[in-house]
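Below: the structure, in structure tokens.
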Amino acid sequence: DYSAATFAYACAMLNMKRNVGLLAACQALMMTANVLLITTSALVGQQLAAHQGLPESLATLPLAIQFLATMLTTIPASLLMKQLGRRAGFLLGGGAGLMGAALACYAIAQQSFVLFALATALFGVNNGFGTYYRFAAADSATPDYRATAISYVMAGGVVAALLGTNLASWTRELLAYAPFAGSYLVLIGLYTLSLAAVTFIRIPRLDAAT
């Protein structure tokens, strides 16, 4: 039936564009969070190290741990999403980011360098899964829409550049008794929004994750 086929095609296109839009939003949220993290983590590390009498040279260790965790997570994330699907992988990564943000807030309030370093490892795990947002957008798009889909997802970098550093500045003194804790409270919001977006994504299971 022609009308039924037309309706099915329209639904498929609507689902595809919804997926791309949601993945673009997730990419923008992740990159905004990363800019905020890069802007603040060394300053927080320096603050916590000084409070605990640790060498100031350790100030950038939490950021280094984040990047190391990202590197170590990327391949396992791909293998896991091959088995469970990308949506499940993105939910797992987003959950790690959310736990990391909550732990970072607690670490700053308690002036704990070690807990903050553990929190940044969770941020790295989140990024390891989030690396695949752009691939998921490409895979869920038709060939003629694929370039547009990728461009929408990568446009998240523009949003991140505009918001990330400003968020760090605006929220630094949000909690007067714990400088920068407010910035990580904002991260809780960003990761929560990302998780909410992922719940509405419907991506077919692939034989192999990219």
Side-chain angles (χ1 to χ4, degrees), residues 19-42 44-45 58 60-107 112-141 146 149-150 152-154 156-157 160 164 184 187-210:
N19 283 340
V20 169
L22 291 170
L23 289 163
C26 290
Q27 178 81 1
L29 289 166
M30 183 187 72
M31 295 182 73
T32 299
N34 285 341
V35 171
L36 190 153
L37 286 168
I38 291 170
T39 303
T40 63
S41 61
V44 174
L58 294 178
T60 58
L61 179 61
L63 187 59
I65 290 174
Q66 177 185 325
F67 285 117
L68 179 62
T70 299
M71 181 182 69
L72 294 176
T73 301
T74 303
I75 293 177
S78 176
L79 297 174
L80 184 64
M81 287 190 284
K82 178 181 177 181
Q83 298 298 320
L84 302 180
R86 282 194 167 136
R87 181 169 172 265
F90 293 148
L91 287 171
L92 181 61
L98 187 60
M99 288 189 294
L103 181 59
C105 290
Y106 180 76
S112 172
F113 182 88
V114 172
L115 288 180
F116 183 70
L118 289 174
T120 60
L122 291 171
F123 296 140
V125 171
N126 174 75
N127 291 340
F129 281 92
T131 299
Y132 295 96
Y133 285 136
R134 62 185 184 273
F135 297 119
D139 292 335
S140 63
R146 191 160 294 150
I150 294 172
Y152 282 155
V153 174
M154 298 310 293
Y184 290 84
L187 280 183
I188 292 177
L190 294 177
Y191 289 131
T192 299
L193 287 173
S194 182
L195 280 169
V198 169
T199 60
F200 292 100
I201 293 173
R202 299 292 182 271
I203 304 174
R205 183 77 61 85
L206 298 179
D207 292 332
T210 304

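Counting from 1, the numbers follow the sequence of the chain as shown.
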If you take all heavy atoms of Ala119 and Ala104, which pair is closest and at what distance?
CB-N, 3.6 Å
Ignoring hydrogens, what is the shortest heavy-atom contact between Phe90 and Leu195? Give both atom names and the distance.
O-CD2, 4.5 Å
Work out which heavy atom in Asn127 is nearest to a heavy atom in Thr70; give both atom names and the distance.
CB-OG1, 3.5 Å
Side-chain donor/acceptor of Asn19 to backbone N/O of Arg202, under 3.5 Å:
yes
Does CZ in Phe113 sit with more than 12 non-hydrogen atoms of other residues, nucleotides or ligands closer than 6.0 Å?
yes
Give me the atom names and distance for the closest heavy-atom approach of Ala101 to Ile188.
CB-CG1, 3.5 Å
How many angstroms lie between atom CD1 of Ile65 and atom OG1 of Thr120, to the nearest 0.5 angstrom?
5.0 Å
N/O donor-acceptor pair under 3.5 Å between Arg87 side chain and Thr199 backbone:
yes
Rounded distance (nearest 0.5 Å) linking atom CG of Leu61 with atom OG of Ser41:
10.5 Å
So CG of Leu22 and OH of Tyr152: to nearest 0.5 Å the spacing works out to 14.0 Å
When rounded to the nearest 0.5 angstrom, what distance separates CG in Leu23 from CD1 in Ile150?
11.5 Å
Any side-chain heavy-atom pair of Ile201 and Arg86 under 4.5 Å
no
Donor-acceptor contact below 3.5 Å, side chain Ser194 vs main chain Leu190
no
Hey, what do you get for OG1 (Thr40) to CG (Leu187), rounding to the nearest 0.5 Å?
7.0 Å
So which atom in Phe116 and which in Gly45 form the shortest heavy-atom distance, rounded to 0.1 Å?
CE2-N, 4.3 Å
With side chains defined as the heavy atoms from C-beta onward, is the minimum distance between Leu92 and Met81 less than 4.5 Å?
no
As a quick check of understanding, evaluate side chain to side chain contact (heavy atoms under 4.5 Å, CB included) for Ile75 and Leu79, giving each step before the final call.
CA-CA 6 Å; Ile75 293 177; Leu79 297 174; 4.2 Å; yes
Start with the C-alpha distance between Thr131 and Thr73, add both sets of side-chain angles, then the distance that settles side chain to side chain contact (heavy atoms under 4.5 Å, CB included), and finish with yes or no.
CA-CA 10 Å; Thr131 299; Thr73 301; over 6 Å; no
Has the side chain of Tyr191 got a donor or acceptor atom that lies under 3.5 Å from a matching backbone atom of Gly93?
no
Nearest-0.5 Å distance that lies between atom CG in Leu37 and atom CZ in Phe67:
9.0 Å
Between Ala69 and Ala121, the two heavy atoms sitting closest are CB-O, 3.4 Å
Does some side-chain heavy atom of Ser112 sit less than 4.5 Å from a side-chain heavy atom of Tyr106?
no
